[in-house]
Amino acid sequence: MKCCVIPGDGIGPEVVSAAVEILHHFFPKLQIENAVAGWGSFQDTGEAVPPLTLDKVRACGAALFGAVSSPTYPVDGYKSAVVTLRKQLDLYANLRPVQSSQGDVDLIIFRENSEGLYAGRESLSADGQSAVAERHISKKASSRIARKAGEVAIALGRKKITIVHKANVMPISDGLFRDTVKTTLLDCASHIEVDELLADIAAFWLLRDPGRFDVIVTTNLFGDILSDAAAHWGGGMGLVPSLNWGDNIALAEPVHGSAPDIAGRGVANPMATILSAALLVRYHWRRPKVAGQIEAAVRQTVLNGPHTPDLGGQATTRQVTKAILDRCADLQREN
Ligand code: NAI
Ligand code: MG
């Protein structure tokens with residue numbers, strides 16, 4: 001087994017090394033291939049994602065990614081590293097599960113990961129007075145994300161899939177998305193209930209009654225925004241994992257970013273990245289029992305501490321990682 005490890009910027013290296021420790025606990029022979037990407041890499045080498053990094057991920061088939069920093073103003077030659085990785089590696093699905101510690105929220109967002117507004121295809125007019133962002137929606141991408149969602153929903157015994165779109169104002173592009181997702185689900189998951197919601201009211205229901213959601217399928221930017229909102233129910237940004245997923249390659253990454261406000265202090269919550277590693281274990285390496293043990297160890301630590309400051313505690317990343325490792329060892333012994 002091989003895993004390419006891309007720490008990235010800010011708290012990325014801090015949380016990734018915690019997750020690597022957990023992976024090594026269960027898989028002592030796991031081979032780690034280190035690679036660079038992000039703003040730091042761009043400043044050092046002129047490339048946010050060097051070709052060598054792409055080669056390494058392809059060779060490993062699996063990757064663990066921390067987070068990268070991206071400026072909010074245009075920089076010549078720079079494009080968000082994570083968008084480039086998703087595109088170059090054809091990681092067309094982004095799976096984002098959110099579970100509350102009480103168990104009353106247990107939803108999975110399937111975010112289309114390859115197109116839409118998030119692809120960042122923008123241009124400024126010659127006179128600098130206007131700008132255009134292109135939003136491509138294709139049958140191919142819509143059908144692929146729907147199939148992935150349908151397959152996982154069946155495997156997990158899920159009951160309902162909600163398509164989230166904005167076809168009332170974008171009836172052509174989001175209409176194509178909605179109709180393609182529906183048709184695909186009818187084909188691959190016909191016994192699962194399918195409904196639909198407009199993205200704005202979906203945001204309302206995510207705040208008001210998140211328990212009504214089971215599986216959500218949505219376009220790239222809506223998925224980005226709604227998963228940060230849903231992260232609240234999962235215990236905050238320090239807890240929500242994700243898996244970028246293609247046909248043969250999976251790249252796990254926390255939903256959060258590089259958190260420059262706390263970087264370098266050793267107090268970032270490693271749980272989101274550890275849970276992302278668990279997604280890699282469950283879906284890519286197909287070791288659900290190990291994934292379940294990692295998830296249970298994190299859950300027990302959420303309930304009984306120690307906690308990093310984002311969860312109201314004073315523990316360091318190291319102390320929380322050590323506690324999770326100890327619980328992993330206990331759970332392994334009990335089984
Ligand atoms: P952020 O997710 O980095 O931080 C938002 C808030 O959550 C901050 O207060 C931060 O301290 C806190 N937080 C995040 N992760 C945490 C953790 N593990 N433990 C404890 N607290 C945590 O989002 P923000 O501040 O909007 O963006 C910061 C940078 O991250 C930007 O440059 C942005 O482009 C980048 N970013 C990168 C992503 C990626 O690499 N996939 C995703 C989102 C943002
Ligand atoms: Mg985001």
Side-chain angles (χ1 to χ4, degrees), residues 5-19 35-43 48-49 53 63-75 78-87 89 91 94-96 98 109 111-113 116-120 203 218-232 234-244 251-277 279 298 301-302 306-321 324:
V5 171
I6 309 170
D9 307 310
I11 62 169
E14 303 168 39
V15 291
V16 157
S17 66
V36 298
W39 183 243
S41 165
F42 179 73
Q43 284 174 319
V49 182
T53 295
L64 184 63
F65 177 89
V68 292
S69 301
S70 297
T72 52
Y73 48 86
V75 173
Y78 184 80
K79 192 170 166 73
S80 162
V82 74
V83 173
T84 304
L85 282 163
R86 289 168 182 164
K87 187 172 173 57
L89 300 167
L91 304 171
N94 192 318
L95 178 159
R96 302 189 150 190
V98 176
I109 297 176
R111 161 183 176 187
E112 200 290 314
N113 219 19
L117 268 182
Y118 206 91
T218 190
T219 54
N220 207 341
L221 185 63
F222 295 153
D224 177 48
I225 296 167
L226 294 177
S227 56
D228 271 28
H232 169 73
M237 294 310 296
L239 265 155
V240 182
S242 86
L243 188 68
N244 297 283
L251 182 145
E253 61 158 333
V255 165
H256 65 70
S258 60
D261 52 340
I262 57 165
R265 301 200 345 235
V267 295
N269 189 344
M271 290 171 172
T273 312
I274 292 171
L275 291 172
S276 303
L279 294 178
V298 171
T301 310
V302 170
H307 292 153
T308 41
D310 59 309
L311 297 185
Q314 292 181 339
T316 61
T317 309
R318 190 82 273 293
Q319 287 165 330
V320 171
T321 307
I324 296 172

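We're numbering straight along the sequence, starting at 1. Both counts, for ligands and for their atoms, begin at 1 and track the order of listing.
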Dump the intermediate steps for side-chain contact (heavy atoms from CB on, under 4.5 Å) on V68 and W39, then the final yes or no.
CA-CA 6 Å; V68 292; W39 183 243; 5.9 Å; no
Which protein non-hydrogen atom lies closest to atom 11 (O) of ligand 1, naming both residue and atom, and how far is it?
D261 OD1, 2.8 Å
Do the non-hydrogen side-chain atoms of H307 and V320 ever get within less than 4.5 Å of each other?
no
Atoms of ligand 1 less than 4.0 Å from I11 heavy atoms?
15 (N), 16 (C), 17 (C), 18 (N)
Would you kindly specify which portion of T72 sits under 4.0 Å from ligand 1, judged on non-hydrogen atoms: side chain, backbone, both or neither?
neither
Atoms in ligand 1 flagged as close to F65, the criterion being non-hydrogen separation under 4.0 Å
40 (O)
Return the closest protein heavy atom for atom 30 (O) of ligand 1 as residue, atom name and distance.
S258 N, 3.0 Å
Can you tell if the side chain of L239 reaches within under 4.5 Å of the side chain of D310, non-hydrogen atoms only?
no
Using every non-hydrogen atom in the two residues, find where V36 and T53 come nearest and quote the distance to one decimal.
O-OG1, 2.6 Å
Protein non-hydrogen atom found under 4.0 Å from atom 8 (C) of ligand 1
yes
Heavy-atom contacts with P260 under 4.0 Å: which atoms of ligand 1 show up? List them by number with element.
28 (C)
How about I274 and I324: do any of their side-chain heavy atoms sit closer than 4.5 Å?
yes
What's the separation between atom CG in L226 and atom CZ in R96, rounded to the nearest 0.5 Å?
10.5 Å
Those atoms of ligand 1 less than 4.0 Å from some heavy atom in A67:
40 (O)
Using a plain distance cutoff, I'd like to know if R86 has any nitrogen or oxygen under 3.5 Å from a nitrogen or oxygen of ligand 1.
no
Atom 36 (N) of ligand 1 touched by protein (heavy atom, under 4.0 Å)
yes
Among protein heavy atoms, which lies nearest atom 41 (N) of ligand 1, and at what distance?
E253 OE1, 3.0 Å
Within-4.5 Å side-chain heavy-atom neighbours: N220 and R111:
yes
Of the side chain and backbone of N269, name the one, both, or neither that has a heavy atom under 4.0 Å from an atom of ligand 1.
both
Evaluate the side-chain proximity of P306 to T301: yes if any heavy-atom separation is below 4.5 Å, no if none is.
yes
Considering only protein heavy atoms, which is closest to atom 15 (N) of ligand 1, and at what distance to one decimal place?
H256 CG, 3.1 Å
Backbone or side-chain N/O/S of D228 under 2.8 Å of the Mg ion (ligand 2):
no
I need the contact type for M271 against ligand 1. Using non-hydrogen atoms and a strict under-4.0 Å cut-off, is it side chain, backbone, both or neither?
neither
Of all heavy-atom pairs between A315 and Q319, which one has the smallest distance, and what is that distance?
CA-OE1, 3.3 Å
More than 12 heavy atoms of other residues, nucleotides or ligands under 6.0 Å from CD of Q43: is that the case?
yes
Specify whether the nearest protein heavy atom to atom 19 (N) of ligand 1 is under 4.0 angstrom away.
yes
Nitrogen or oxygen atoms of G66 and ligand 1 under 3.5 Å apart:
no
In D224, which N, O or S atom comes closest to the Mg ion (ligand 2)?
OD1
Where S276 and S242 come nearest, the two heavy atoms and their spacing
OG-N, 3.4 Å
Just jot down the ligand 1 atoms closer than 4.0 angstrom to any heavy atom of A259, in number order.
3 (O), 10 (C), 11 (O), 14 (C)
Judged by non-hydrogen atoms, does V68 sit under 4.0 Å from ligand 1?
yes
Starting from atom 1 (P) of ligand 1, locate the nearest protein heavy atom and write down its residue, its atom name and how far away it is, to 0.1 Å.
G257 N, 3.5 Å
Closer than 4.0 Å and a protein heavy atom, does any atom meet both conditions relative to atom 32 (O) of ligand 1?
yes
Heavy atoms only: give me the nearest V255-P241 pair and the separation to one decimal.
CG2-O, 3.6 Å
Could you tell me the residue and atom name of the protein heavy atom closest to atom 21 (N) of ligand 1, and the distance to it rounded to 0.1 Å?
I262 CD1, 3.6 Å
Heavy-atom nearest neighbour in the protein, as seen from atom 5 (C) of ligand 1, with distance rounded to 0.1 Å
M237 CG, 4.7 Å
Contact between H256 and N269 at the side-chain level, heavy atoms closer than 4.5 Å - yes or no?
no
side-chain contact (heavy atoms from CB on, under 4.5 Å) test vs E253 passes for just one of I6, N94, L279, namely N94
Side-chain contact, heavy-atom cut-off 4.5 Å: V75 with F42?
yes
Would you check the N or O atoms of S69, main chain and side chain alike, for any that come under 3.5 Å of an N or O of ligand 1?
no
